[in-house]
Every structure is written in structure tokens, then in C-alpha cells.
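Everything below concerns the one structure shown next.
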Amino acid sequence: MIGLGRIARPTRSQSSRRRTSEWTSTANRAGLSSPRTIRASRTMLHLLAQPIAATIARHLGREPAAVLALVGPPAKGQAVDLCLPCFQLARELKRNPKELADELAAVVAAAHPDAGAAAAGPFLNLTFAPAAVAVVLIPALRAEPLAPLRSQVGKGLTACVDFSSPNIAKHLAFHHIRSTMIGNSLSRLYAAAGWKVVRINFLGDWGTAFGRLIAGWKREGLTLAQLETAPDRVTFLNALYVRVSQAAKADPAIEDEARQWSKRLEDGDSEARGLWQIFKDASLAEFKRIYALLGVDFDSWKGEAYYEDKMGPVLAELKTKNLTSVDLRTERTPEEGPPGATIVDLPALIGKPFKRPMLVQRVDGGTLYATRDLAAADDRFRDFAYDRSLYVVDLGQSLHFQQWFAVAKLLGRPYADRLRHVGFGIVLMWNDEAGDGLEAGWARGRTRGGKVMLLREVLEEAIDRARAVVAEKNPAIAGDEREAIARAVGVGAVVFNDLKNGRTNDVKFKFEEALRFDGETGPYLQFAHARLASIERKAVDHFTAAFNAANAAPDSEASHWLADKAPDILTGDLASLTGRADPALLTLDSEKQVLLALAKLTSALERAVDSDEPSVLAQALLALAAAVSGWLTAGNHDESLRVLGPDPAVTAARLALVRAARASLGEGLRLLGLQAPERM
RNA sequence: GCGCUGGUAGCUCAACUGGAUAGAGCGCCAGACUUCGGAUCUGGAUGUUGCAGGUUCAAGUCCUGCCCAGCGCGCCA
């Protein structure tokens with residue numbers, strides 16, 4: 001097995017679903033509840049609820065904010081817009097909740113006739129008139145189209161996100177998509193919530209494997225030219241590694257050479273370093289091609305090699321603070337060297353959940369994973385003074401993170417409570433038939449004859465399928481544009497499939513499912529976005545035609561409206577046209593559903609950041625796209641329901657909603673790491 | 001053995017952290033003036049939320065005990 005890094009051999013890189021342990025959760029909660037990170041946010045939904053909450057607060061003599069906090073979306077299946085469960089208020093007031101709900105319904109109905117207040121048992125339900133919602137939300141959306149997906153909760157705070165972290169000289173396997181795209185999305189979500197974000201790729205670019213590679217390279221007399229002309233340089237290196245490893249089994253001399261080269265590499269030998277750099281460059285070139293395809297970038301590429309000579313101070317500090325001990329339990333003869341590894345005896349120092357010590361130094365003096373993470377955490381804190389540091393690594397490594405987070409605390413690090421392991425479940429592949437000792441069914445890692453599925457292969461297959469669909473559904477699109485759309489849609493399908501469910505779930509990967517383009521998929525969101533964009537494209541022509549028709553029949557109501565807007569229509573200024581539209585003309589229930597779905601995005605964003613869970617936004621976007629699709633499709637059956645309909649004033653109002661929905665859908669897709677093409 | 005996760009419709013998953021009649025997609029059945037884009041929409045059938053207790057106005061959600069599945073537990077990362 002080559003390389004170190006976050007994502008090691010398949011059996012360790014993926015472990016089944018796990019949550020962070022009690023201890024870690026406590027630490028995380030401490031970080032969460034720190035006054036630095038919690039800040040109330042005024043969501044768009046609160047814009048609607050605020051006046052009602054104020055009325056109730058006045059009536060009951062309570063704080064408006066306290067009442068507002070109790071108002072929220074109703075339970076699923078309830079056909080109302082907002083809901084105030086009265087249990088808590090009733091208890092505080094020593095009243096009967098049902099009676100209180102009845103009383104409040106009457107009070108609210110009198111003061112806000114458009115809010116549709118009604119008591120349902122102990123619940124006070126609000127069912128707004130669509131225009132009442134539009135009048136509040138449309139102006140806010142016009143002022144800041146991306147407002148639903150912007151928040152200031154992270155203002156002034158810095159987050160480091162450690163993600164992807166592949167091993168040099170190996171391909172990106174399909175399961176690397178998890179850390180890569182969860183981390184990418186979290187980076188964008190944090191930024192949208194006001195955080196300053198540092199994206200870090202902790203490359204697995206160090207380890208004994210490089211000694212073997214170099215030994216093999218020298219032994220076979222390979223040249224740089226051979227590597228560079230190889231059809232795939234990573235495959236070339238991988239194959240070399242496999243050959244060396246097999247040869248070493250038969251010939252111990254090779255293993256010796258490998259050890260010597262490892263030593264030379266560590267000592268900074270220029271030939272060893274030169275070859276190491278060549279291998280690293282070749283790998284990075286391939287990684288960056290795939291990152292470009294996925295739209296992922298990093299601010300820092302400091303990997304394990306960078307920290308190789310920077311662990312001395314941490315080790316020394318651990319020792320001077322008497323946190324280390326040499327483990328004596330291992331039975332070793334004097335010839336075999338010192339008795340044991342250097343450990344931090346967590347069971348003795350902390351107790352509670354820890355049953356095993358953490359190893360910081362091998363018998364031979366070499367350092368270990370945890371030591372490197374400690375050194376890196378110090379380094380990053382020095383550079384960025386982070387308020388939160390995320391490690392997007394599979395759940396199988398949760399013990400490792402629990403341990404070194406605890407050691408950071410023992411060392412008195414100020415950042416100890418700001419560390420978060422963002423764990424995720426493994427990728428399982430479907431096997432139709434038993435074989436290779438595997439039963440038929442879900443199994444980790446490999447499929448189709450035991451082959452490891454490469455990320456690049458899956459993406460290419462997805463793009464091929466998307467290209468075929470674009471060609472079939474929209475033959476007018478060709479050439480470069482078709483290619484760009486095929487990429488956006490194909491990659492989008494795979495990425496969304498990875499993000500739409502809770503990250504701790506294992507991902508059950510079937511080609512046919514992951515590459516589906518209908519139902520709850522990335523392309524479904526992209527399609528809704530493209531339909532909205534299509535309507536916007538046609539809007540100017542629509543108004544121009546209406547304007548010309550009105551000139552022929554100048555006395556209608558529509559003609560007066562159009563004449564008033566003549567400058568905007570003639571210059572094609574949609575922004576101005578929709579900006580002057582009357583939101584009260586949005587009277588359809590389907591329009592209200594779109595507005596409410598938009599308004600819920602803000603809290604989805606904040607909850608996504610709070611729980612490091614992109615799926616929260618993914619689910620909210622699906623709800624928005626469903627509302628949009630329902631609204632637009634209704635127009636297929638009834639011309640009066642179309643955005644570009646017969647009444648220009650209504651059309652302008654609906655276009656304002658189209659613009660708002662498209663802006664948020666596009667931005668939401670971007671926050672998940674998907675593209676939002678205007679046609680597809 | 002110790003520990004950590006999870007178990008919700010045939011399948012894949014939600015359920016805004018304790019709220020109402022547990023919701024979606026896929027699949028299945030029946031529909032929508034060839035459409036501002038049908039990669040869409042509307043309707044239907046499918047549930048003892050693994051089992052048993054407990055807590056309370058209220059439990060898929062919290063507590064306890066079982067059952068089942070997966071993963072982790074010393075010089076890899």
C-alpha cells in the first residue's frame with residue numbers, strides 16, 4: 001500500500017457509520033455554545049412571523065423575541081404555513097393550551113386578516129394569503145436576491161477545513177468523492193454564512209512507500225521521459241509499486257534497498273528528494289484535473305511531508321509536561337531494541353472513555369499520524385487563528401480524532417475545543433453475484449470483478465450518459481456548449497447523489513441510481529433552474545410583443561401599464577421592469593409555496609453549517625425545486641397560470657419571483673458544488 | 001470482551017433536535033389542451049418506525065433492557 005494520508009487502504013479509509021463519541025460531542029458542544037459562534041439570525045421566515053409574534057407578545061405581555069422563537073414551520077403533512085404550538089406559553093401562563101390557542105387565533109385574526117390565523121387544538125396555525133407573503137418577501141428578495149442563502153452568523157470567524165487529502169502515487173478512487181465534496185460544500189456553506197474559510201488538502205505525500213518506489217525506479221532504470229510519455233502517470237507509478245512489492249517478497253535485498261532509500265529520503269538526500277518530487281508532481285497533475293472537473297480548489301496543499309521535520313517541538317513539549325511514557329508491556333528482547341513505543345497514556349491521564357493510549361512515537365523513533373496532526377493543528381492555528389477546524393475524514397477514524405483532540409486539551413491548547421471531526425459513512429458497491437469470498441449484496445470498495453472503482457471512471461461514465469440525454473432532449477445545443485452541459489449535469493448527478501443524504505449514512509452506490517437524472521437528483525434541481533432561466537430569456541420578447549399589440553389596441557388596462565413601462569421594455573431592462581412590479585399580484589397558492597420554500601433556505605443554511613451537514617441544504621433545495629416545478633408545470637395546462645401570460649402587470653410580478661427563485665436555486669447548487677447551467 | 005454507530009413503505013432515504021394524520025424519490029397503477037422546457041406535474045396503493053418496558057399533555061426522536069447488522073480497539077494512515 002502506497003502512501004500515508006487521511007485516506008489509506010480501502011479497509012481503513014472507510015468504516016461503517018459512526019457518530020463522534022460522547023466525549024468528542026461534549027467538546028464540540030462546548031465549542032458550539034461558545035458566545036463567539038452563536039448569533040441570532042433574522043431569517044426571511046421571521047420577516048413573515050414577526051408582526052404576528054409582536055401582536056401576540058403585546059396581548060400576553062411578553063417579549064416579542066420569545067414568542068417569535070416559538071413560531072416555526074408546521075409538522076409535515078399540515079397544510080399551513082407557520083405554526084405556534086401553545087404548550088410552552090400555556091405552561092408559563094398557567095393556562096390551558098387549547099383555550100390559549102383559541103384566544104390567540106381571535107386576536108391575530110382581528111389584527112392580521114391576511115394571516116389566516118386558526119386554532120387547531122393546542123396549535124395556532126397561520127395560512128397566509130399568497131399576496132400577503134409576496135408583499136413582505138418580494139421586496140426583500142429584490143433588494144438582495146441571494147439573501148435567502150446569506151447569513152452573518154460567522155462574521156469575524158475563521159474556519160479551517162481539512163478535506164480530500166489523497167495519497168500520492170495512487171489514483172483517486174471513487175470513495176474519495178465523499179471527503180472531497182462534503183469538504184468542498186462545507187467550505188462554501190461556511191463562507192456563505194459569513195465565515196472566513198481556509199481550505200486545506202493534507203496530502204499523503206510521505207512514508208516508506210516512497211522508498212520502495214524509488215528502489216524500484218532505480219532498479220528498473222526508469223527515466224523521467226518514460227514517466228512523462230506514459231498514457232497515465234499515476235497508473236505508471238502504481239504499477240511500478242506493485243511490481244516492486246511483489247519482487248520484494250521473493251528477494252529480501254529489494255526490501256533492504258527500499259529501506260535505504262526511505263532513510264535517504266528522510267535525510268534529505270538530493271537524488272531521493274528529486275525523485276520524490278517527480279512522483280508528487282505527476283500525481284498532483286492528475287489530482288488537479290479531477291479537482292477542476294469537480295470545481296474544487298484549495299488554499300493550502302501542505303501535506304505530511306511538510307510536517308515531517310516539524311514534530312520535534314510537540315514531542316518535546318509532551319515530554320516536558322510529563323504526558324508521555326514509554327510503554328513497557330510489549331515483550332521485546334534487548335536485541336530488538338528499546339522496550340516500547342512512546343505513548344500518551346490516556347486511560348491514566350483522563351480515564352472515562354479512553355481504554356487505550358495514543359501512540360506518538362514508534363520504537364525506532366519515527367513519528368505517527370497523531371503526532372503529525374498535532375503539529376499541523378499548531379501550525380494552522382499560528383497561521384490562521386481559527387475559531388473552528390474541521391477534519392472531513394471517514395467515521396472509521398473517529399478514535400484517532402478523539403484521542404488527539406484530547407491530547408490537544410491536555411497540552412492546554414486554546415483551540416482544543418474548536419476541533420471537529422466531520423465524519424462520514426463509507427461507499428458500498430452493489431454486487432449481483434457472490435464471488436471472491438464475498439456474498440452478493442452491498443460490500444465496500446470494489447465491484448465488477450473486484451476492481452476498485454476510480455472516481456475518474458465514474459465521472460466519465462456520468463458525463464457520457466448526460467451527453468446522450470442532452471443530445472436527445474435538446475438537439476439544438478451542440479458543440480462546446482453541449483459538452484459543458486454534459487459535464488455539469490453528469491458530474492452534478494454524481495455529486496448530488498453523494499450529498500443529498502445525511503453524511504454519516506453509508507452511501508449505497510449503484511451506477512444506475514447515482515446517474516439517474518429524474519426524481520430527487522442534481523439534474524432535477526438543474527432542470528428547474530434551466531426552466532426559470534428559459535422563461536427569463538423569453539421575457540423581453542414577450543413584453544415587446546405585448547407592447548406592440550397594445551399600440552394596436554391602446555385603450556385596454558394592459559396598454560396603460562405597458563405604456564408606463566415603455567422605457568424598460570424598449571431597452572429590455574428586466575431588472576427595472578420586475579423591480580416596479582406589484583407583488584400583491586402574486587395570488588396563486590403555487591407562488592406562495594415557492595416563496596415559502598425560498599424563505600426557509602436561510603435556516604437551512606445555518607443548520608447546515610451548525611451541524612456540518614450539506615444534506616440539510618440539499619433537502620431544502622429539493623423542496624424549492626419541487627415548488628418551482630409544480631408552479632411552472634401548471635402553466636402547461638392553463639395559459640392564465642403562465643409567467644409569460646396575458647396580463648403584463650401579473651407577468652412582471654411573476655417574473656420577479658422567477659428571478660428570485662433562479663438566483664437562490666443557482667446559488668444553492670453552487671454551495672453544494674454543482675453547476676447551474678442556463679440551458680440543458 | 002470493551003466501545004461506537006445504525007435498524008423508518010418492496011428499494012434508497014427524510015422527518016428543522018419532544019409536537020398534530022410518520023413524509024419524499026424510485027418501482028407499481030391511473031391520469032395531464034406537444035408544454036412560458038414533459039429531465040415535469042396530478043392522483044392512487046404500500047407502515048405495529050427491530051422488540052419490550054419507562055419518562056409526559058405529547059416519543060421515530062429522551063431513558064433502561066434485549067435482538068439484529070456494521071465498524072473500531074498498539075507502533076499504517
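In what follows, every chain begins at residue 1, and chains take the letters A, B, ... in the order their sequences are listed.
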Any [X] side-chain nitrogen or oxygen under 4.0 Å from OP1 or OP2 of [N]:
X      : N     : result
A:R362 : B:C76 : yes
A:N636 : B:G38 : yes
A:K508 : B:C13 : yes
A:N505 : B:A14 : yes
A:Y524 : B:A24 : no
A:S534 : B:G37 : yes

Say we look at [N] and [M]: how far apart would their [atom1] atoms be, to the nearest angstrom?
N     : M     : atom1 : result
B:G23 : B:G47 : P     : 13 Å
B:U8  : B:G50 : C1'   : 10 Å
B:G53 : B:A59 : P     : 14 Å
B:G60 : B:U42 : C1'   : 30 Å
B:C57 : B:A15 : P     : 28 Å
B:A9  : B:U49 : P     : 10 Å

Check: Has A:F87 got its ring stacked on B:G19, by the test of a centre gap below 5.5 Å and a plane angle below 30°?
Finding: yes

Next item on the list: Could you say whether the aromatic ring of A:F527 and the base of B:G37 stack, counting only centre distances under 5.5 Å and plane angles under 30°?
Entry: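 No; centroid distance or tilt outside limits.
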
Notebook entry, point to check: Counting a pair only when it is Watson-Crick or G-U and both distances are under 3.5 Å, which runs of at least 3 such pairs involve RNA chain B?
Noted result: B:1-7 with B:67-73, B:10-13 with B:23-26, B:28-32 with B:40-44, B:50-54 with B:62-66

Which side-chain N or O atoms in residues 79-98 of chain A pair as donor and acceptor under 3.5 Å with protein atoms at least two apart or in another chain?
unit_1: A:D81; atom_1: OD1; unit_2: A:K592; atom_2: NZ; d: 3.4
unit_1: A:D81; atom_1: OD2; unit_2: A:F128; atom_2: N; d: 2.7
unit_1: A:D81; atom_1: OD2; unit_2: A:K592; atom_2: NZ; d: 2.8
unit_1: A:E92; atom_1: OE1; unit_2: A:R62; atom_2: NH2; d: 2.7
unit_1: A:R95; atom_1: NH2; unit_2: A:E103; atom_2: OE1; d: 2.5
unit_1: A:N96; atom_1: OD1; unit_2: A:K98; atom_2: N; d: 2.7
unit_1: A:N96; atom_1: OD1; unit_2: A:E99; atom_2: N; d: 3.2

Notebook entry, point to check: Mind telling me whether B:U61 is syn or anti, cutoff 90° either side of 0?
Noted result: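 Classified anti.
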
Margin query: Under 4.0 Å, heavy atoms only, any strand: does A:A530 hit a base, just the sugar-phosphate, or nothing?
Written below: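 Base contact.
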
[X] and [Y]: side chain donor to acceptor below 3.5 Å:
X      : Y      : result
A:Q397 : A:Y391 : no
A:D162 : A:S165 : yes
A:S245 : A:R212 : yes
A:S151 : A:E606 : yes

Checklist line | Distance flag, aromatic centroids of A:H400 and A:Y369, threshold under 6.0 Å | finding: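 Centroid distance A:Y369-A:H400: below 6.0 Å, so yes.
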
Note to self: Looking at A:G423, is its backbone amide N or carbonyl O close enough to the side chain of A:R503 to form a donor-acceptor pair, meaning the two atoms are under 3.5 Å apart?
What the structure shows: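 At least one qualifying donor-acceptor pair exists.
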
Note to self: Tell me whether the side-chain N or O atoms of A:N125 pair up with the base of B:A20 as donor and acceptor below 3.5 Å, since no angle test is needed here.
What the structure shows: yes

Margin query: Of the options B:C75, B:A20, B:U17, whose atoms approach the side-chain atoms of A:S611 most closely?
Written below: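 The answer is B:U17.
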
Next item on the list: Measure from the side chain of A:N501, starting at C-beta and using heavy atoms only, and say which of B:C57, B:C13, B:G37 lies closest.
Entry: B:C13

Notebook entry, point to check: Parallel under 30°, tilted from 30 to 60°, perpendicular over 60°: which one fits the rings of A:F202 and A:Y307?
Noted result: tilted

